[in-house]
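Scroll down for the structure; my scribbles are underneath it.
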Amino acid sequence: MTQTPENVTPRDVTPQARSKRPRPPAPGLAPNRALLLGGLALAAVLLFQSVRVVPAGYVGVAFNKLSGGLSTLQEGVHFVVPGLQQLNLYDARLQEVTLANGVEDGDEGAINARSQEGLNITADVTVQFRIDRSKAAILHKELGRDYQRTLIRPQVRSKVRDAIGQFGAAELISTQRKQVEASVTRALREEFSRNHLILDSVLLRELKIPESVAKAIEEKQTAEQQVSVQKNRLQQAQISAQQAVVEAEGKAKAAVATARGEAEALSLRGRALRENPQLIQLTVAEKLSPGIQTVMLPTDGNFLLNLQDLGVTPGRGGTSGQTGTGAGNGAAKP
């Protein structure tokens with residue numbers, strides 16, 4: 001085994017052995033490389049933090065900590081300055097708030113109100129709304145993210161109580177439900193508009209009154225319906241009586257008109273007979289025909305009346321009358 005003498009100096013080492021020894025790094029090269037890598041990592045982190053995405057259905061509000069300004073960012077990719085700008089996201093889709101029994105909302109459930117006569121009314125209400133995208137920055141500044149608790153719930157309770165107080169309990173559960181809903185909608189739409197929200201609809205889900213009051217109202221409505229039925233029957237009877245009276249008056253007027261017409265006809269007939277005496281002879285002849293062919297009337301001239309001359313047709317098998325001399329009270333020849 002070959003051993004290297006201890007007294008051998010470095011110049012006695014062969015060139016091959018000298019080339020295999022590691023060379024010490026150049027002064028200042030390792031710190032510069034570390035700084036470069038650190039800078040690249042920091043730039044990557046800053047770039048990652050500066051790229052922010054506003055999801056579909058949301059709107060962003062960027063707050064500049066240096067200037068205090070606010071800007072609205074719509075859906076998509078945006079660049080913000082890390083540490084200088086703060087991005088707040090707001091849900092711009094249709095939202096709803098329900099105030100009802102059994103709903104966990106951090107406050108009382110259903111809305112308790114008073115009717116016009118002071119009866120306790122319980123209302124279950126759902127309000128559907130969305131934020132105004134164009135005014136999201138103002139909403140963030142004036143109301144903040146907790147606007148449902150600070151604005152929407154108190155306003156819904158207040159407007160529902162005001163609307164219910166305008167009607168009686170019987171009206172609320174029967175005819176005025178839609179009017180209550182419309183009144184609440186008008187009031188909330190105006191209030192929401194002032195606070196950069198858009199009201200979509202108000203759904204009055206249920207109105208409850210005490211059971212004893214509901215029973216009393218039902219009995220009252222039943223009695224009113226019975227009275228209404230009796231009134232209708234009475235009105236029908238009155239209408240029938242009026243129709244009978246009208247019919248009787250019509251018949252009476254018709255009878256009077258008929259009598260008047262007959263009287264006028266008789267008067268005209270009498271006048272005609274007075275003005276034309278031959279009509280009397282014609283009338284007698286008409287009454288006697290067709291069985292009598294010739295009639296002898298007691299007149300001053302004592303003559304026989306020929307029926308054919310007066311236009312009277314003798315009976316079947318008869319012959320024409322002949323003129324002759326009459327005597328006595330008058331005779332008829334068959």
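- Side-chain contacts under 4.5 Å among hydrophobic residues (ILVMFWY), followed directly or transitively, place Val81 together with Leu66, Leu84.
- Side-chain atoms of Asn120 and Arg114, non-hydrogen and from C-beta on, do get closer than 4.5 Å to each other.
- Taking each heavy atom of Glu117 and Gly168 in turn, the nearest pair found is OE1-CA, 3.1 Å.
- Between Ala137 and Leu70, the closest heavy-atom pair is O-CD1, 3.6 Å.
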Note to self: Could you go through Ile131 and Val59, starting from their C-alpha distance and side-chain angles, then the distance that decides it, and tell me whether this counts as side-chain contact (heavy atoms from CB on, under 4.5 Å)?
What the structure shows: CA-CA 9 Å; Ile131 68 171; Val59 61; 3.6 Å; yes
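- Formation of a donor-acceptor pair under 3.5 Å by the Thr150 side chain with backbone atoms of Asp146 is found in this model.
- By the 4.5 Å heavy-atom criterion applied to side chains, Phe63 and Leu87 are not counted as neighbours.
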Next item on the list: Go through the steps to decide whether Asp132 and Leu197 satisfy the test side-chain contact (heavy atoms from CB on, under 4.5 Å), and finish with yes or no.
Entry: CA-CA 5 Å; Asp132 190 344; Leu197 298 170; over 6 Å; no
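- Cluster annotation: Val127 and Ile198 are assigned to distinct hydrophobic clusters (Ile/Leu/Val/Met/Phe/Trp/Tyr, side-chain heavy-atom contacts under 4.5 Å, transitive).
- Atom CG of Leu94 is separated from atom OG of Ser201 by 7.5 Å, given to the nearest 0.5 angstrom.
- Atom OG1 of Thr185 and atom CZ of Phe192 lie 10.5 Å apart (nearest 0.5 Å).
- Ion pairing of Asp162 with Lys159 is absent here, as no side-chain N (NZ or NE/NH1/NH2) approaches a carboxylate O to less than 4.0 Å.
- Side-chain N or O atoms of Ser183 include none that pairs as donor or acceptor with a backbone N or O of Gln179 at under 3.5 Å.
- In this structure the side chain of Asn195 never reaches within 4.5 angstrom of the side chain of Leu139, judged on heavy atoms.
- Using modelled atom types, one side-chain atom of Glu75 and one backbone atom of Gly57 make a donor-acceptor pair closer than 3.5 Å.
- For the pair Leu188/Gln155, a side-chain contact is recorded, criterion being any heavy-atom separation below 4.5 Å from C-beta on.
- Within the structure, the salt bridge (charged side-chain N to carboxylate O under 4.0 Å, His left out) test picks out no pair touching residues 53-72 (sequence neighbours left out).
- For the atom pair CD1 (Ile111) and CD1 (Ile164), the distance works out to 7.0 Å, reported to the nearest 0.5 Å.
- No side-chain N or O of Arg130 forms a donor-acceptor pair with one of Gln95 less than 3.5 Å apart.
- For residues 183-195, the salt bridge (charged side-chain N to carboxylate O under 4.0 Å, His left out) pairs, not counting sequence neighbours, are Glu190-Arg194, Glu191-Arg194.
- Residues Ala110 and Asp124 approach most closely at CB-OD1, 3.2 Å, considering heavy atoms.
- Here the straight-line distance linking atom CD of Glu181 with atom CG of Leu207 works out to 9.5 Å at 0.5 Å rounding.
- Nearest heavy atom pair, residue Glu206 against residue Arg177, reads N-NH2, 3.6 Å.
- One hydrophobic cluster holds both Ile209 and Leu204 under the rule that ILVMFWY side chains link at heavy-atom gaps under 4.5 Å.
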Next item on the list: Applying side-chain contact (heavy atoms from CB on, under 4.5 Å), run through Leu172 and Ser115 and close with a yes or a no.
Entry: CA-CA 8 Å; Leu172 291 172; Ser115 65; 4.2 Å; yes
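- Nearest heavy atoms, Ile121 versus Ala169: CD1-CB, 4.4 Å.
- In the hydrophobic cluster analysis, where Ile, Leu, Val, Met, Phe, Trp and Tyr join through side-chain heavy atoms closer than 4.5 angstrom, Val97 is grouped together with Val184.
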Notebook entry, point to check: Step by step, would you call Leu203 with Val125 a side-chain contact (heavy atoms from CB on, under 4.5 Å)?
Noted result: CA-CA 6 Å; Leu203 307 176; Val125 181; over 6 Å; no
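- Annotation: cation-pi pair Arg145/Tyr90 present, NZ/CZ under 6.0 Å from the ring centroid and within 45° of its normal.
- Contact between Arg133 and Tyr58 at its shortest, heavy atoms only, is NH1-O, 3.3 Å.
- Considering NZ of Lys135 and NZ of Lys141, their distance stands at 14.5 Å, rounded to 0.5 Å.
- Side-chain contact between Phe129 and Gln148 is present, with at least one heavy-atom pair separated by less than 4.5 Å.
- Rounding to the nearest 0.5 Å gives a distance of 13.5 Å between NZ of Lys208 and CD1 of Ile173.
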